[in-house]
**Student:** 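Handing you a structure now.
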Amino acid sequence: QVQLVESGGGTVQTGESLRLSCAASGRTSSSYAMAWFRQAPGKERDFVARVTWNGGRTYYGDSVKGRFTISRENAKNTVYLQMNSLKPEDTAVYYCASTGGFYSSGYSGDYSYWGQGTQVTVSS
């Protein structure tokens with residue numbers, strides 16, 4: 001089992017920044033690929049970013065490329081999402097997720113473990 005707890009959400013204005021954190025615990029959680037997804041009201045859960053188990057490779061959804069950065073600190077079992085130049089359309093609940101293995105993808109159905117989510121609201 002892998003437990004995930006997100007933090008760092010809040011309300012900001014357009015153009016500002018936020019950093020989300022995801023603390024992982026459980027069996028060999030630092031060896032797993034990790035991802036961030038988001039879900040706005042009335043919409044599907046969308047892929048935001050993912051990172052390989054050692055942080056060597058990162059991947060991003062088209063809408064956040066160049067603005068968001070995913071990183072991880074395995075010594076702390078923590079994954080981060082640095083969000084810059086935020087826009088109102090970034091408003092959503094942000095979820096941390098893990099497949100529980102080395103594999104990762106941009107498809108939410110591949111992920112077995114999810115955090116409870118943290119709300120990000122960007123006002124115009």
Side-chain angles (χ1 to χ4, degrees):
Q1 287 287 344
V2 177
Q3 294 79 42
L4 305 172
V5 179
E6 303 97 332
S7 61
T11 300
V12 297
Q13 295 189 339
T14 299
E16 294 186 339
S17 300
L18 276 177
R19 189 176 80 157
L20 306 183
S21 299
C22 172
S25 61
R27 187 169 58 91
T28 62
S29 57
S30 64
S31 299
Y32 298 155
M34 300 291 293
W36 287 95
F37 288 79
R38 67 186 182 185
Q39 188 167 20
K43 296 188 177 181
E44 293 185 351
R45 192 167 293 189
D46 289 335
F47 168 71
V48 175
R50 59 188 173 101
V51 60
T52 53
W53 71 274
N54 62 353
R57 299 196 70 174
T58 57
Y59 305 85
Y60 297 92
D62 289 340
S63 62
V64 306
K65 283 180 182 177
R67 300 188 298 123
F68 290 13
T69 302
I70 188 171
S71 61
R72 66 189 299 159
E73 192 171 358
N74 282 351
K76 295 184 177 181
N77 288 334
T78 301
V79 176
Y80 305 98
L81 184 68
Q82 178 66 44
M83 305 186 295
N84 297 330
S85 302
L86 283 162
K87 306 174 182 180
E89 50 263 44
D90 293 318
T91 295
V93 177
Y94 284 70
Y95 296 92
C96 178
S98 172
T99 60
F102 293 109
Y103 174 76
S104 70
S105 75
Y107 174 52
S108 60
D110 286 337
Y111 291 79
S112 300
Y113 304 101
W114 294 85
Q116 82 287 353
T118 186
Q119 177 71 47
V120 172
T121 302
V122 185
S123 60
S124 57

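Numbering starts at 1 and runs along the sequence shown.
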**Student:** To the nearest 0.5 Å, what is the distance between CZ (R19) and OG (S71)?
**Tutor:** 7.0 Å
**Student:** Under a single-linkage definition using a 4.5 Å side-chain heavy-atom cutoff for Ile, Leu, Val, Met, Phe, Trp and Tyr, are V48 and L4 assigned to the same hydrophobic cluster?
**Tutor:** yes
**Student:** Hydrophobic clustering (ILVMFWY, side-chain heavy atoms < 4.5 Å, transitive) - are Y113 and V51 grouped together?
**Tutor:** yes
**Student:** Starting at OH of Y111, measure out to CZ of F47 and round the result to the nearest 0.5 Å.
**Tutor:** 6.5 Å
**Student:** I need the Y107 OH to T99 OG1 distance, nearest 0.5 Å.
**Tutor:** 14.0 Å
**Student:** Compare all side-chain heavy atoms of L86 with those of E16 and state whether any distance is below 4.5 angstrom.
**Tutor:** no
**Student:** Give the minimum heavy-atom separation between V120 and G9, together with the two atoms involved.
**Tutor:** CG2-CA, 4.2 Å
**Student:** Would you say the side-chain atoms of R67 pair up with the backbone N or O of S85, donor to acceptor, closer than 3.5 Å?
**Tutor:** yes
**Student:** With R45 as the cation and F37 as the aromatic partner, state whether NZ or CZ is under 6.0 Å from the six-membered ring centre and within 45° of the axis.
**Tutor:** no
**Student:** Roughly how far, to the nearest 0.5 Å, is the OG1 atom of T11 from the CG atom of L18?
**Tutor:** 8.5 Å
**Student:** Between the side chain of T91 and the main-chain N/O of V122, is any donor-acceptor distance below 3.5 Å?
**Tutor:** yes
**Student:** If you round to the nearest 0.5 Å, how far is OG of S108 from OH of Y95?
**Tutor:** 11.5 Å
**Student:** Between T69 (side chain only) and Q82 (backbone N and O only), is there a donor and an acceptor less than 3.5 Å apart?
**Tutor:** no
**Student:** Answer with yes or no whether the side chains of S63 and R38 bring together a donor and an acceptor at under 3.5 Å.
**Tutor:** yes
**Student:** Please report the closest heavy-atom contact between C96 and M34, naming both atoms and the distance.
**Tutor:** SG-CE, 3.5 Å
**Student:** Side chains of W36 and V79, heavy atoms from C-beta outward: is any pair under 4.5 Å?
**Tutor:** yes
**Student:** Between R72 (side chain) and W53 (backbone), is there a donor-acceptor pair under 3.5 Å?
**Tutor:** yes
**Student:** Taking the side chain from E6 and the backbone from G117, do they hold a donor-acceptor pair closer than 3.5 Å?
**Tutor:** yes
**Student:** So for atom CD, which belongs to E89, do other residues, nucleotides or ligands contribute more than 12 heavy atoms lying within a distance under 6.0 Å?
**Tutor:** yes
**Student:** Can you name the nearest heavy-atom pair linking S17 to V12, along with the distance?
**Tutor:** O-CG1, 4.1 Å
**Student:** Ring-plane angle category for F68 and Y94, please: parallel below 30°, perpendicular beyond 60°, tilted otherwise.
**Tutor:** tilted
**Student:** Specify the closest pair of heavy atoms between R50 and G106, including all atoms of both residues, with the distance to one decimal.
**Tutor:** NE-N, 4.0 Å
**Student:** May I ask you to decide if S123's main-chain N or O and T14's side chain share a donor-acceptor pair within less than 3.5 Å?
**Tutor:** yes
**Student:** More than 12 foreign heavy atoms under 6.0 Å from CD of E44: is that the case here?
**Tutor:** no
**Student:** If the threshold is 4.0 Å, N to carboxylate O, is there a salt bridge linking K87 and D90?
**Tutor:** no
**Student:** So which atom in Y32 and which in S98 form the shortest heavy-atom distance, rounded to 0.1 Å?
**Tutor:** CB-OG, 3.6 Å
**Student:** Between the main-chain N or O of I70 and the side-chain N or O of Y60, is there a donor-acceptor pair closer than 3.5 Å?
**Tutor:** yes
